[in-house]
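In what follows, a single structure is set out as structure tokens and then discussed.
Keep in mind that what you see is a predicted model, and the values were worked out from it rather than measured.
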Amino acid sequence: MASSIENTVVDCADAYALGRFWSAVLDRPLSPEDEPGDPEALIALPGGGNLLFIQVPEPKSVKNRLHFCLRPDVPRDEEVQRLLDLGATLADDQRRPDGTGWAVLADPEGNEFCVLRGSHDDPPRPVTT
């Protein structure tokens with residue numbers, strides 16, 4: 001018999017605030033039971049499983065060992081701008097002139113995540129020299 005993943009947990013300083021950020025990113029609601037100041041916040045994901053934010057006392061100190069790669073429903077650069085407007089920061093720009101690559105962003109608590117090419121992006125263009 002196999003196991004399934006029930007929760008993907010993100011340690012954070014403010015579970016509700018970070019949960020609200022990711023709720024906006026994913027366009028998924030926080031649990032109706034979550035309130036400001038709660039030590040946990042939960043987003044139910046489509047298809048099962050949850051994204052669970054848990055307040056911990058220690059701050060993030062090194063690079064994530066696990067991160068999310070997002071594939072937007074809109075062009076990548078449009079989504080990157082939307083996420084920056086929500087409060088993310090650009091950590092590393094790996095987008096290339098031919099349309100390939102990705103953008104590495106950080107959420108408001110510094111957790112890195114990637115934004116891949118969107119479903120509406122043009123196919124990669126050949127690089128000419």
Side-chain angles (χ1 to χ4, degrees):
M1 180 168 262
S3 296
S4 60
I5 295 174
E6 179 70 17
N7 297 314
T8 300
V9 178
V10 178
D11 291 350
C12 54
D14 186 334
Y16 185 79
L18 196 58
R20 282 182 43 114
F21 170 82
W22 281 99
S23 172
V25 168
L26 300 172
D27 194 25
R28 304 283 306 165
L30 279 177
S31 168
E33 299 171 4
D34 294 329
E35 296 180 7
D38 284 351
E40 296 182 2
L42 182 130
I43 299 170
L45 299 173
N50 303 300
L51 191 53
L52 178 61
F53 301 89
I54 297 182
Q55 187 171 312
V56 297
E58 63 276 356
K60 179 182 178 298
S61 61
V62 296
K63 184 180 185 291
N64 300 13
R65 296 293 303 263
L66 173 79
H67 72 264
F68 301 117
C69 292
L70 306 179
R71 181 150 334 261
D73 293 332
V74 297
R76 178 190 56 214
D77 295 344
E78 183 179 319
E79 182 67 352
V80 166
Q81 187 58 54
R82 183 182 79 87
L83 299 176
L84 293 172
D85 292 345
L86 287 174
T89 56
L90 184 63
D92 188 21
D93 196 341
Q94 294 292 321
R95 294 175 284 185
R96 297 185 185 93
D98 69 352
T100 61
W102 60 91
V104 180
L105 280 69
D107 71 18
E109 291 202 13
N111 301 300
E112 295 92 1
F113 61 97
C114 296
V115 181
L116 307 174
R117 290 170 44 81
S119 58
H120 290 75
D121 282 313
D122 293 330
R125 296 179 304 279
V127 177
T128 57
T129 55

Show me the side-chain donor-acceptor pairs of residues 42-55 shorter than 3.5 Å, one per line, residues at least two apart or across chains.
| from | atom 1 | to | atom 2 | distance (Å) |
| --- | --- | --- | --- | --- |
| Asn50 | ND2 | Glu6 | O | 3.4 |
| Asn50 | ND2 | Asn7 | OD1 | 3.0 |

Return the set of residues passing side-chain contact (heavy atoms from CB on, under 4.5 Å) with [X] (not counting sequence neighbours), or none when no residue passes.
{"X": "His67", "value": "Asn64, Cys69, Cys114"}
{"X": "Pro75", "value": "Glu78, His120, Asp121"}
{"X": "Gln81", "value": "Leu84, Asp85"}
{"X": "Glu35", "value": "Asp38"}

From [X] atom [atom1] to [Y] atom [atom2], the distance as rounded to the nearest 0.5 Å:
{"X": "Leu105", "Y": "Leu70", "atom1": "CG", "atom2": "CG", "result": "8.5 Å"}
{"X": "Asp107", "Y": "Leu86", "atom1": "CG", "atom2": "CG", "result": "11.5 Å"}
{"X": "Phe21", "Y": "Leu83", "atom1": "CZ", "atom2": "CG", "result": "6.0 Å"}

Just jot down the ring-ring contact (aromatic ring centres under 6.0 Å, His included) partners of Phe68, sequence neighbours excluded, or say none.
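Residues passing ring-ring contact (aromatic ring centres under 6.0 Å, His included) with Phe68: Trp22.
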Hydrophobic cluster identity match, Val25 and Trp102, side-chain contacts under 4.5 Å:
no
So does Pro36 get a backbone contact from the side chain of Arg20, meaning a donor-acceptor N/O pair under 3.5 Å?
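Not confirmed, Arg20 side chain does not pair with Pro36 backbone.
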By side chain to side chain donor-acceptor pair (under 3.5 Å), which residues pair with Glu33, not counting sequence neighbours?
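Partners of Glu33 by the side chain to side chain donor-acceptor pair (under 3.5 Å) criterion come out as none, since no residue qualifies.
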If you look at every heavy atom in [X] and [Y], which pair is closest and at what distance?
{"X": "Ala15", "Y": "Ala41", "result": "O-CB, 3.5 Å"}
{"X": "Pro29", "Y": "Ser23", "result": "CA-OG, 3.8 Å"}
{"X": "Phe113", "Y": "Ala106", "result": "CE2-C, 3.8 Å"}
{"X": "Thr100", "Y": "Arg76", "result": "O-NH1, 3.5 Å"}

Sequence neighbours excluded - salt bridge (Lys or Arg N to Asp or Glu O under 4.0 Å) pairs with any residue from residues 40-62
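Applying salt bridge (Lys or Arg N to Asp or Glu O under 4.0 Å) to every pair that reaches into residues 40-62, excluding sequence neighbours, yields Lys60-Glu112.
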Sort and list the pairs that fulfil salt bridge (Lys or Arg N to Asp or Glu O under 4.0 Å) and have at least one residue in residues 61-72, not counting sequence neighbours.
none
Under the salt bridge (charged side-chain N to carboxylate O under 4.0 Å, His left out) test, residues paired with [X] that sit two or more places apart:
{"X": "Asp93", "result": "Arg95"}
{"X": "Arg82", "result": "Glu79"}
{"X": "Asp11", "result": "none"}

